[in-house]
Amino acid sequence: MTGCGSQPEPAKEASAAAGSFSFTDDRAETVRLDKKDIRVVAQEDAANALMHLGIKPVGIFGGAPLSSNPMLKGVDLSGVESVGEVFGEVKMEKLAALRPDVIVSTFYTGDGVLFPGGVYGFQTEKMQNDAKAIAPILAIDSTKPSSHVIQRFSELAKALGADVDGGAIAQARTTWQSAVDELKSAAKERSNLTVLAVTPAQEQVYFAVPDLFPDLLDLKDWGVNLMTPKGKLVSSYYEAVSWENAAKYQPSVVLVDARGYTLGNEALKKYPTWNTMKAVQAGQVGSWVRVSLNYADYTRQIQDLTGVLKRAGSV
């Protein structure tokens with residue numbers, strides 16, 4: 001399987017064209033700066049998006065050390081400082097020492113994922129306000145379809161001075177669009193195949209409600225026949241069942257949550273009920289990551305699902 005065919009262009013320190021910067025985020029908050037060189041500190045998800053679009057933050061905060069953070073795999077982290085390596089914690093002194101002009105993050109809505117007005121990466125409102133006192137915060141709504149989220153980050157990167165309309169970035173977008181078109185064709189041909197997105201954890205199995213996840217929203221829009229769980233929801237996002245009931249549904253294809261802290265395919269082999277799912281027995285298993293933030297990774301995910309659909313049969 002091939003990816004996008006190119007690596008992200010070498011990122012540069014964020015800068016704005018014509019000596020000024022202006023951007024309105026998805027909370028309708030606008031940041032205007034009368035300077036050319038913009039120093040960015042980014043939450044790990046936002047950093048993933050921006051670095052694939054040619055913008056290199058001076059600092060990153062997230063839930064793991066920079067060297068082992070799965071969201072930062074494959075990007076150049078030389079010269080980038082860590083300002084937080086535990087989820088929800090940001091080291092304010094290190095943040096201030098980097099003299100950021102803007103802090104970039106994402107936000108999610110619904111079910112108390114964040115405190116009111118909160119953006120991802122800050123555990124408390126006080127922590128977010130302390131960071132905002134150091135530099136203004138821009139946040140992208142990551143509950144929108146992934147394709148929309150990437151586009152919004154592209155607009156932000158362009159405002160920061162990146163060339164997102166040419167070179168490797170444009171090629172990555174073109175390759176992604178070709179992958180989308182191929183998936184649409186496969187989904188139309190195999191519309192009889194049902195697809196279930198699952199987040200497996202140690203104690204329970206979570207069946208995802210597709211209308212509430214960015215990647216799944218795209219897949220539905222592209223014609224993939226995603227199943228919606230019918231049982232009682234533990235939140236608006238999932239139905240949760242014990243492992244004894246892991247085979248409650250029998251989809252044609254299973255998509256396994258591929259985020260780093262969920263059970264992977266090797267670990268799942270140890271759960272007998274997982275292996276009673278007919279799709280698993282048939283090897284009709286793909287992956288999803290909840291939200292894709294760059295074209296290269298998203299292309300690989302789309303190509304993987306397209307391959308599964310093309311070889312899958314009814315179970």
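As a basis for the values below, the full set of heavy atoms in this structure was taken, side chains included, without hydrogen atoms, waters or symmetry mates.
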- Message: If you count heavy atoms of other groups shown closer than 6.0 angstrom to NZ of K94, is the number above 12?
- Response: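 Yes, because the 6.0 Å sphere around NZ of K94 holds more than 12 heavy atoms from other groups.
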- Query: Is the number of heavy atoms from other residues, nucleotides or ligands within 6.0 Å of CZ (R99) greater than 12?
  - Reply: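 Check fails, neighbour count at 12 or below.
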- Message: With a 6.0 Å cut-off on the ring centroids, do Y238 and F213 count as close?
- Response: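 Yes, the ring of Y238 comes within the 6.0 Å limit of the ring of F213, centre to centre.
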- Taking the six-membered ring for Trp, are Y120 and F61 ring centroids under 6.0 Å apart?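 For Y120 and F61, the ring centres are not under 6.0 Å apart.
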State yes or no: do [X] and [Y] share one hydrophobic cluster built from I, L, V, M, F, W and Y residues joined by side-chain heavy-atom distances below 4.5 Å, directly or via other members?
| X | Y | result |
| --- | --- | --- |
| V253 | L226 | yes |
| V31 | L50 | yes |
| V254 | V289 | no |

- Message: With a 4.0 Å cut-off on N to O distance, would you call E155 and K158 a salt bridge?
- Response: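 Salt bridge between E155 and K158, a charged N being under 4.0 Å from a carboxylate O: no.
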- Query: Does the pair K126/D130 count as a salt bridge with the N-to-O cut at 4.0 Å?
  - Reply: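 Answer for the salt bridge query: yes.
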- For N225 against L193, the heavy-atom pair lying closest together: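 N225 and L193 have their closest heavy atoms at CB-O, 3.2 Å.
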- Kindly give the heavy-atom pair with the smallest separation between V315 and Q250, and that separation in Å.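 Scanning both residues completely, I find the closest heavy atoms to be CG2-O, 4.2 Å.
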- Query: Roughly how far, to the nearest 0.5 Å, is NZ of K132 from CD1 of I103?
  - Reply: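 These two atoms lie 10.5 Å from each other.
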- Could you tell me whether R290 sits above the aromatic face of Y108, with NZ or CZ closer than 6.0 angstrom to the six-membered ring centre and within 45 degrees of the axis?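 Checked: cation-pi criterion met.
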- When L138 is tested against each of T30, L156, T24 for side-chain contact (heavy atoms from CB on, under 4.5 Å), which residue passes?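 One option only clears the test, and that one is L156.
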- Query: Does a side chain donor of either Y298 or D218 reach within less than 3.5 Å of an acceptor in the other side chain?
  - Reply: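 Yes, D218 and Y298 have a side-chain donor paired with an acceptor closer than 3.5 Å.
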- Heavy atoms, side chains only, cut-off 4.5 Å: are L217 and H148 in contact?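 L217 does not reach H148 side chain to side chain.
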